[in-house]
Trainee: 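So that we are looking at the same thing, I have put the structure below in structure tokens.
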Amino acid sequence: MDVLAEALLAGAGPEELERHPLPARYTAAHLRASDVDMFTGTEDRDVRKSLHVGPVPMPEPAPDEVVVAVMAGSVNYNTVWSATFEPKPTFDFLRRYGRRGGDAVRHDQPYHVVGSDAAGVVVRVGAAVRRWHVGDHVVVSCVQVDAEEPATHADAMLGGEQRIWGYETNFGGLAHYSVVRASQLLPKPAHLTWEEAASVMLTAATSYRMLVGDNGARVKQGDIVLIWGATGGLGAFAVQMVKNAGGIPVGVVSSPHKAGLLRRLGCEVVIDRSEVGLGGDTAPGPERTVELGKALGREIRRQVGEDPHIVFDFVGRATFGISVFVVRKGGTVVTCGSSTGYDHHYDNRYLWMNLKRIVGSHAANLQEQAECNRLFQLGHLSPVLSRVYPLSEVGEAARLVQENRHTGKVGVLCLAPEEGLGVTDPVLRARLGEDRINPLRAARGTV
């Protein structure tokens, strides 16, 4: 471990941290450009084979950037996409970004440090940074934007230069250090541990934009919301947000075990996919879609009495046609991704003749992220961390997500030597209680 990291873990203050130099190299989970074709002709693109953990060069931070000593990160599905080099190698993103010149050139490297979530300590600030200082405890937003682009000031997610850090940019969060823009930072919720705080920002803020903000479905009191994959990283936060808004979450899960976990999140209406004939990642044909949609609709009406106002769908090809069918007349299907495939098929008659809407949503702008982070700071949202791995085993963590054998979020300890560190408001933590803060963890320290 380098001297800066040693000082940080020993409790050094800002002045001492500033005195220690940044290391010339740091440990990071990364991909190699030379491996891009390694899965050609293979059926199983096992991410454990493509994810490497080892030293990479420390980039020079730009004036509007900070260096964060990453205490913990988490695995998102974009890390799986990156490590399988599908739907396209992320090195294509890095090369395109590098062609912009200037500071962007640093991102075009033969290695790609991945990861789009992090919690840690600011250890360097650029000359143009005003709001953040060495020693600040932060969480990192996954969204990088160009502040000089007009669209950014209306809604950052509409900007042409918006990129997802650690996926479309380099120097991501599954590492001992990360270089990020100051506009990506938010204060870490003081009652959460490093690994808890690092597991929330990307997925929770994405769910917030999809459901709560003006750019999404705008859930309101009494709305029935069908949530696919309700114990996953996105779905488990969606359940909490619908409940907070006074709505009725209807969670869809794939097993009795996950149904039990979902009820621990407070979701009283739970549907096991297998009980209504749903299963697998293959999109059903048109007739089968209607058949499954009717079966799902009957089960929702049996349990709730009405059709859903909103369908929360990130699953994609396997579910989208059913989502469009099952949402009520005038209802909204909101989508942010396609873990089973991007080529969606649905019968447009059920959309146009019933005045339904499809809303596309992607990540969240900084204001939406700040509003979401505030809910965590107040204890109104809880992390959905289920397992934690050391950085040295990040391949196993990503494989768990790749095979959908996880619930909630999978955390990764980076510089933090063990779980449970980073809490600076133990009073709030004690008041909320461990069970409420960690509803998906069967016991403290489970890995």
Side-chain angles (χ1 to χ4, degrees), residues 72-74 76-78 116-120 131 137-145 152 155-158 162 164-166 173 180-220 223 225 227 230 232-247 249 265-266 310 312 314 334-337 359-385 408-409 411 425 428 432 436-440:
S74 67
N76 294 290
Y77 207 82
N78 65 8
S116 300
D117 263 322
R131 298 177 62 90
H137 289 198
V138 296
V139 291
V140 184
S141 154
C142 68
V143 181
Q144 287 193 353
V145 301
T152 296
D155 178 5
M157 301 315 298
L158 297 177
Q162 174 271 125
I164 300 301
W165 157 72
V180 303
R181 292 184 181 170
S183 58
Q184 290 177 250
L185 299 184
L186 291 165
K188 172 191 168 292
H191 67 288
L192 297 183
T193 66
W194 292 120
E195 63 274 11
E196 290 163 356
S199 70
V200 302
M201 211 60 245
L202 186 151
T203 46
T206 298
S207 296
Y208 185 95
R209 181 181 174 100
M210 290 175 73
L211 287 171
V212 181
D214 291 339
N215 295 302
R218 302 183 69 178
V219 63
K220 64 183 186 302
D223 278 354
V225 183
I227 302 168
L234 289 163
F237 288 124
V239 167
Q240 295 182 64
M241 291 175 192
V242 172
K243 294 218 20 118
N244 285 351
L265 285 172
I310 299 167
F312 180 94
F314 61 91
V334 60
T335 178
C336 74
V359 175
S361 189
H362 181 52
N365 62 43
L366 188 60
Q367 177 61 26
E368 290 164 335
Q369 292 180 65
E371 291 170 354
C372 182
N373 191 53
R374 173 177 172 267
L375 295 177
F376 283 102
Q377 291 175 308
L378 294 173
H380 294 317
L381 285 176
S382 297
V384 291
L385 192 66
K409 290 298 297 290
D425 188 351
L428 177 58
L432 294 172
R436 179 172 168 185
I437 293 171
N438 286 291
L440 294 189

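Only this structure's heavy atoms are used, side chains among them; waters, hydrogens and symmetry mates stay out. Just so you know, residue 1 is the first one in the sequence shown, and it goes up from there.
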Trainee: Looking at Phe237 versus Phe312, is the centre-to-centre ring distance below 6.0 Å?
Mentor: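 Ring centroids of Phe237 and Phe312 are no less than 6.0 Å from each other.
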
Trainee: Do the side chains of Leu265 and Val384 get nearer than 4.5 Å, heavy atoms only?
Mentor: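 With C-beta onward as the side chain, the pair touches.
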
Trainee: Between Asp117 and Ser74, is there a donor-acceptor pair closer than 3.5 Å when you use the side chain of the first and the backbone of the second?
Mentor: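 Absent.
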
Trainee: Keeping Lys243 on the side-chain end and Gly266 on the backbone end, is there a donor-acceptor pair under 3.5 Å?
Mentor: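 A pair under 3.5 Å: yes.
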
Trainee: Taking the side chain from Ser199 and the backbone from Leu385, do they hold a donor-acceptor pair closer than 3.5 Å?
Mentor: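 Such a contact is absent between Ser199 side chain and Leu385 backbone.
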
Trainee: Would you say Glu371 and Val212 make side-chain contact, with heavy atoms under 4.5 Å?
Mentor: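 SC-SC contact between Glu371 and Val212 ruled out.
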
Trainee: Indicate the atoms forming the closest heavy-atom contact of Met201 with Ser141, along with that distance.
Mentor: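 Where Met201 meets Ser141 most closely, the heavy atoms are CG-CA, 4.3 Å.
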
Trainee: Where is the tightest heavy-atom contact between Val359 and Asn215, given as atom of each residue plus distance?
Mentor: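 Closest approach of Val359 to Asn215, heavy atoms only: CG1-O, 3.8 Å.
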
Trainee: Which pair of heavy atoms, one from Thr193 and one from Glu196, lies closest together, and at what distance?
Mentor: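 Scanning both residues, the minimum pair turns out to be N-OE1, 2.9 Å.
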
Trainee: Would you give the length of the straight line joining atom CG of Leu192 to atom NE2 of His137, rounded to the nearest 0.5 angstrom?
Mentor: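 Going from CG on Leu192 over to NE2 on His137, the span is 13.0 Å.
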
Trainee: Please check if the side chain of Glu195 supplies one atom and the backbone of Gly73 the other of a donor-acceptor pair under 3.5 Å.
Mentor: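 Checking the backbone N and O of Gly73 against the side chain of Glu195, no donor-acceptor pair under 3.5 Å is found.
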
Trainee: What pair of heavy atoms forms the shortest contact from Val139 to Pro189, and how long is it?
Mentor: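 The answer is CG1-CD, 4.3 Å.
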
Trainee: Between the side chain of Asn244 and the main-chain N/O of His380, is any donor-acceptor distance below 3.5 Å?
Mentor: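 Looks like yes, one N/O pair under 3.5 Å.
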
Trainee: Strictly below 4.0 Å, N to O, side chains only: are Asp155 and Arg209 in salt-bridge contact?
Mentor: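 Salt bridge flag = yes for Arg209 with Asp155.
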
Trainee: If you take all heavy atoms of Pro187 and Asn373, which pair is closest and at what distance?
Mentor: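 That closest heavy-atom pairing would be O-ND2, 2.9 Å.
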
Trainee: Working to the nearest 0.5 Å, report the span between OG1 of Thr203 and CZ of Phe314.
Mentor: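 Those atoms lie 10.0 Å apart.
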
Trainee: Is a side-chain donor or acceptor of Ser116 paired with a backbone partner of Trp165 at a separation under 3.5 angstrom?
Mentor: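 Looks like yes, one N/O pair under 3.5 Å.
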
Trainee: Over all heavy atoms of both residues, which pair between Gly213 and Arg218 is shortest? Give the atoms and the distance, please.
Mentor: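 Shortest heavy-atom contact: O-CG, 3.3 Å.
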
Trainee: Between the side chains of Asn76 and Lys409, is a donor N or O closer than 3.5 angstrom to an acceptor N or O?
Mentor: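 Side-chain D/A pair, Asn76 to Lys409: present.
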
Trainee: Scan side-chain atoms only and decide if Gln144 and Gln162 contain a donor-acceptor pair under the 3.5 Å cut-off.
Mentor: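 Not at all, the side chains of Gln144 and Gln162 share no donor-acceptor pair under 3.5 Å.
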
Trainee: Has Arg436 got a side-chain atom pairing as donor or acceptor with Gly379's backbone, closer than 3.5 angstrom?
Mentor: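 Flag set: sc Arg436 to bb Gly379 pair under 3.5 Å.
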
Trainee: Quick one: are Val219 and Ile310 in side-chain contact, heavy atoms under 4.5 Å?
Mentor: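 A side-chain contact under 4.5 Å exists here.
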
